[in-house]
Colleague: 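Could you have a look at this structure, given as structure tokens, before my questions?
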Amino acid sequence: MEFQQSLKTQTVNALKHLYNYDATDISFEKTNANFTGDLTLVVFPFLRFSKKKPEDTANDIGLYLKEHVSEIADFNIVKGFLNLELSSDFWLDVAKTQTEQGIQIPLIGKGKKVVVEYSSPNTNKPLHLGHIRNNVLGYSFCQILEANGYEVIKNNLVNDRGIHICKSMLAWQKWGNNETPESSGIKGDHLVGKYYVEFEKQFQAEYGTWLKSEDGTSAYNTFCKSPAAEKLKNKGEDLFKTFKSEYKNTYFNTISQIGSEVKQMLQQWEEGNKEVLALWQKMNAWVYDGFASTYQRLGVSFDKIYYESDTYLLGKAIVKEGLTTGAFYQKEDGSIWVDLTEDGLDEKIVQRADGTSVYITQDIGTADLKYNDFKMDSFIYVVGNEQDYHFKVLQLILKKLNKTYAEGLYHLSYGMVDLPEGKMKSREGTVVDADELMEEVVNTAKQQTEELGKTEGMSDDELKELYETLGIGALKYYLLKVDAKKRMLYDPKESIDFQGNTAPFVQYTYTRISSLLRAANNFQFEKPEVLNDEEKSIIVLMNAYPSAVNAAASNYNPSEIANAVYDLAKAFNKFYHEHSILGAKESTVRNFRLSLSKQCGETIKHGFGLLGINVPDRM
RNA sequence: GGUUCCAUAGCUCAACUGGAUAGAGCAACAGAUUUCUAAUCUGUAGGUUCCAGGUUCGAGCCCUGGUGGGAUCACCA
């Protein structure tokens with residue numbers, strides 16, 4: 001870091017001295033692997049000051065730098081690219097510093113506090129693959145922020161109330177025969193999910209019967225005469241299918257028997273009906289038990305949990321406040337709105353005519369609650385990109401309300417996880433259950449390890465832990481290595497493949513290093529005379545690691561760390577393959593290589609730690 | 001339809017935010033185990049970066065217009 005700074009200063013001096021040009025922002029790049037050199041300065045922007053050809057300009061600067069900066073051993077020029085070659089001594093010093101001081105990450109977040117909300121499950125269903133991406137991203141991102149010096153509060157907002165929970169409750173009450181997790185042997189969240197599905201099944205049956213009835217037929221006929229239906233007909237779409245899905249909500253809200261029962265239950269819940277509350281508490285407890293074990297196996301945790309049942313009314317006071325300050329306005333029917341048309345968005349409702357709050361109102365309330373609780377500098381929501389619009393609106397509203405913390409809101413938006421057959425969303429029934437998926441990858445790890453037959457001397461407990469580390473690691477890495485904001489494809493086959501760019505490959509590299517260090521016993525850092533290419537490439541990669549961590553933090557993207565660690569592991573394997581480490585003839589060379597190996601292992605472990613992935617000592 | 005995100009090798013993803021000859025892994029083919037762990041390594045093949053313009057020394061990346069796909073546009077959460 002210091003070197004980079006002084007190199008920049010010297011370059012500014014060079015430009016001043018050579019061309020009388022006061023440069024402000026000079027940046028060096030890593031030299032492309034196809035060219036010799038370590039750092040590259042692009043000289044094209046300076047041509048209008050030098051008034052010389054690119055090659056000559058580069059040569060001027062190169063000569064100046066070589067004379068004034070001792071670390072530069074030589075330079076070469078390709079067109080307008082000045083490639084600086086740093087001395088072996090420089091890289092050996094880097095290696096020495098790394099060995100002595102370990103991984104040093106500049107603390108860009110020191111003194112800053114950040115609340116990261118992630119996971120945020122509904123309590124009516126077990127977690128699925130989409131949730132895993134959320135949890136793994138959220139947790140990893142917290143680790144990365146902490147490594148950058150931030151004080152991080154890992155926050156979970158549990159959506160424990162509302163119509164969807166009542167659906168599970170009602171179905172259990174009607175058809176559950178007092179079934180419990182104990183009596184059925186089903187994990188609590190899955191049991192509650194089972195009754196949610198049961199509700200939907202019963203509702204669909206009821207809806208299906210109605211559609212065939214007189215009322216249903218006449219509603220359909222009315223729909224067929226509408227102008228919208230005409231258009232669809234011309235397009236050749238299945239009218240009945242469209243009607244069926246479009247009318248579903250109306251049917252649920254106005255006609256359905258079971259629908260009115262469940263709405264009544266929600267109302268009773270809001271009125272504090274003792275029986276309903278007791279049932280709600282009982283079933284939520286089952287779900288929390290289930291979630292706890294899923295979270296534990298996934299290796300994520302929280303510092304602060306909010307329950308929506310406690311917070312869903314909080315926004316109302318702020319709505320009132322906004323009304324007096326003029327941020328909001330009221331319509332004749334009593335509903336309260338905010339006008340965002342100046343910001344290119346629509347008018348949004350923030351409170352219904354009957355005085356109840358909507359989704360965005362609750363988020364306004366919890367944002368304020370968070371700030372009162374933590375006085376954080378910024379707060380981050382790890383939520384899927386289907387809510388991009390929602391968070392844009394939320395931030396604008398908070399600004400309109402003159403909340404100073406509004407500026408610190410960031411939506412860490414991630415893309416949906418697709419399955420090869422099609423997209424994966426709970427309402428379409430093609431979910432991959434989180435618990436089943438974890439079980440599957442761990443089993444695959446077991447199978448593969450047994451096939452390789454290297455498990456001698458390990459106890460059953462150690463093996464069990466190993467399979468867990470490998471399987472869960474593979475799953476997490478598969479989800480984390482992809483740029484968070486991009487939609488990604490989850491291929492079950494590929495995710496449990498342990499070859500190539502996967503966690504087991506990196507973990508394998510780590511165990512290899514561990515066994516190397518065990519065999520070596522003791523050694524100390526010694527500088528050899530020369531540096532070969534593989535050694536140097538490892539030093540370069542390890543040198544770049546801290547800035548990858550910083551980049552990941554400021555770009556909100558754990559995948560940068562995953563890629564940095566993978567590159568390092570790959571480089572080590574090559575290095576390991578081509579050079580005998582323990583068998584090196586000179587002890588200096590042997591010690592040096594062992595030091596590099598050790599440092600490499602520590603970097604891998606550190607990087608995987610930030611991703612929330614464990615590394616085994618043996619496998 | 002409005003807004004917004006995306007499009008890179010047969011497949012899954014990279015490309016240090018505008019730099020050089022666009023890189024990995026998988027799949028395919030050809031090789032390498034007297035070894036500190038072969039879950040490894042080496043090589044071959046694979047590209048008009050969706051299309052058409054523009055900006056400049058220089059574009060996968062920025063701008064404009066298309067094409068194709070996703071999301072969103074609820075007094076649902």
Colleague: Which nucleotide wins on minimum distance to the side chain of A:F35, given the candidates B:A20, B:A77, B:A39?
Modeller: B:A20
Colleague: Are A:D38 and A:K30 ion-paired here, with the side-chain N under 4.0 Å from a carboxylate O?
Modeller: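 Result for this pair is no, no salt bridge flagged.
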Colleague: Would one find a side-chain N or O of A:S515 under 4.0 angstrom from OP1 or OP2 of B:U37?
Modeller: yes
Colleague: On RNA chain B, does the nearest nucleotide to A:L582 precede the nearest nucleotide to A:D567 from the 5' side, or the other way round? Give the residue.
Modeller: A:D567
Colleague: Starting the side chain at C-beta, find the nucleotide from B:C41, B:U12, B:U37 nearest to A:Y478.
Modeller: B:U12
Colleague: Would you state whether a donor and an acceptor, one from the side chain of A:D497 and one from the base of B:A27, lie under 3.5 Å apart?
Modeller: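 Not at all, since no donor on one side and acceptor on the other fall under 3.5 Å apart.
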Colleague: For the residue pair A:K167 and A:F252, would you count it as a cation-pi contact if the rule is NZ or CZ under 6.0 angstrom from the ring centre and within 45 degrees of the ring axis?
Modeller: yes
Colleague: Rounding to the closest angstrom, what is the interatomic distance between B:C26 and B:G66 at atom P?
Modeller: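 That atom pair is separated by 42 Å.
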Colleague: Among side-chain atoms of A:Y359 and A:Q387, is any donor-acceptor pair under 3.5 angstrom?
Modeller: yes
Colleague: Please tell me which of A:G500 and A:T40 maps to the more 5' nucleotide of RNA chain B, matching each residue to the nucleotide holding its nearest heavy atom.
Modeller: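 Looking at the nearest nucleotide for each, A:T40 comes out on the 5' side.
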Colleague: If the P atom of B:G25 is compared with that of B:C61, how far apart are they to the nearest Å?
Modeller: 26 Å
Colleague: Syn or anti for B:U17, please, going by whether the chi angle lies within 90° of 0.
Modeller: syn
Colleague: Report all interatomic pairs (protein N or O, nucleotide N or O of nucleotides 61-63 of chain B) with separations under 3.5 Å.
Modeller:
none

Colleague: I'd like to know if the side chain of A:S357 reaches the main chain of A:V350, judged simply by a donor and an acceptor atom lying under 3.5 Å from each other, with no hydrogens or angles considered.
Modeller: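 The answer is no, because no donor-acceptor pair under 3.5 Å joins these two groups.
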Colleague: Between the protein and nucleotides 42-44 of chain B, are there any N/O to N/O pairs under 3.5 Å, and if so, what are the atom names and distances?
Modeller:
none

Colleague: If you check the A:L452 side chain, which of B:G25, B:G23, B:A39 turns out closest?
Modeller: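 Selected nucleotide: B:A39.
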Colleague: For a ring pair (Phe, Tyr, Trp, His ring centres under 6.0 Å) check, start with the C-alpha distance between A:F49 and A:Y19, then their side-chain angles and the critical distance, and finish with the verdict.
Modeller: CA-CA 6 Å; A:F49 303 105; A:Y19 310 127; 8.3 Å; no
Colleague: If you take atom types as modelled and just measure distance, does the side chain of A:T502 reach the base of B:A39 with a donor-acceptor pair under 3.5 Å?
Modeller: no
Colleague: Decide whether a cation-pi geometry holds between A:K348 and A:W337; the criteria are a distance under 6.0 Å from NZ or CZ to the six-membered ring centre and an angle within 45° of the ring axis.
Modeller: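 Cation-pi check for A:K348 and A:W337: fails.
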Colleague: Which atom pairs link the protein and nucleotides 13-17 of chain B when you take only N or O atoms and keep those under 3.5 Å?
Modeller:
{"from": "B:C13", "atom 1": "OP1", "to": "A:L489", "atom 2": "N", "distance (Å)": "2.6"}
{"from": "B:A14", "atom 1": "OP1", "to": "A:D483", "atom 2": "N", "distance (Å)": "2.7"}
{"from": "B:A14", "atom 1": "OP2", "to": "A:K486", "atom 2": "NZ", "distance (Å)": "3.3"}
{"from": "B:U17", "atom 1": "O4", "to": "A:N555", "atom 2": "OD1", "distance (Å)": "3.2"}
{"from": "B:U17", "atom 1": "O4", "to": "A:N555", "atom 2": "ND2", "distance (Å)": "2.7"}

Colleague: Would you tell me if any nitrogen or oxygen in the side chain of A:Q499 comes within less than 4.0 Å of OP1 or OP2 on B:U40?
Modeller: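 Yes, A:Q499 has a side-chain N/O under 4.0 Å of OP1/OP2 on B:U40.
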Colleague: Start with the C-alpha gap between A:T123 and A:D160, add the side-chain angles, then the distance that decides, and say whether side-chain hydrogen bond (donor to acceptor under 3.5 Å, both in side chains) holds.
Modeller: CA-CA 5 Å; A:T123 55; A:D160 63 342; over 6 Å; no
Colleague: Using distance alone, with no hydrogens and no angle criterion, decide if A:E347 and A:Y329 have a side-chain donor and acceptor under 3.5 Å apart.
Modeller: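 Yes, a side-chain donor-acceptor pair sits under 3.5 Å.
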Colleague: Please give the distance between the C1' atoms of B:A39 and B:A77 as a whole number of Å.
Modeller: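 Approximately 44 Å lies between the C1' atom of B:A39 and that of B:A77.
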Colleague: Let's see if you can work this out: which of B:A24, B:A74, B:C36 has an atom nearest to the side-chain heavy atoms of A:N249?
Modeller: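 That would be B:A74.
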Colleague: Judged by atom type as modelled, is there a donor-acceptor pair below 3.5 Å linking the side chain of A:T31 to the main-chain atoms of A:L39?
Modeller: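 Indeed, once roles are kept as given, a pair shorter than 3.5 Å links the two residues.
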Colleague: Give the nucleotide from the list B:C75, B:U40, B:U21 with an atom nearest to the side chain of A:I349.
Modeller: B:C75
Colleague: Between A:Y359 and B:A77, is there a contact of a side-chain N or O with OP1 or OP2 at under 4.0 Å?
Modeller: no
Colleague: Out of A:Y118, A:Y381, A:F391, which residue meets the ring pair (Phe, Tyr, Trp, His ring centres under 6.0 Å) rule with A:H411?
Modeller: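 Result for ring pair (Phe, Tyr, Trp, His ring centres under 6.0 Å) with A:H411: A:F391.
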Colleague: Taking it one step at a time, do A:F81 and A:F35 satisfy ring pair (Phe, Tyr, Trp, His ring centres under 6.0 Å)?
Modeller: CA-CA 10 Å; A:F81 297 89; A:F35 299 88; 7.6 Å; no
Colleague: Quote, to the nearest angstrom, the P distance that separates B:A28 from B:A38.
Modeller: 23 Å
Colleague: Measure from the side chain of A:A519, starting at C-beta and using heavy atoms only, and say which of B:C73, B:C36, B:C41 lies closest.
Modeller: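 So the side chain of A:A519 is nearest to B:C36.
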Colleague: Do any side-chain nitrogens or oxygens of A:R352 fall under 4.0 Å of OP1 or OP2 in B:C76?
Modeller: yes
Colleague: Give the nucleotide from the list B:A38, B:G19, B:C36 with an atom nearest to the side chain of A:R512.
Modeller: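 Nearest to the side chain of A:R512 among the choices is B:A38.
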Colleague: Test A:N134 against A:Y414 for side-chain hydrogen bond (donor to acceptor under 3.5 Å, both in side chains), laying out the working first.
Modeller: CA-CA 8 Å; A:N134 179 303; A:Y414 62 89; 3.1 Å; yes
Colleague: Would the A:F498 and A:F505 ring centres measure less than 6.0 Å apart?
Modeller: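 Not under 6.0 Å, so no.
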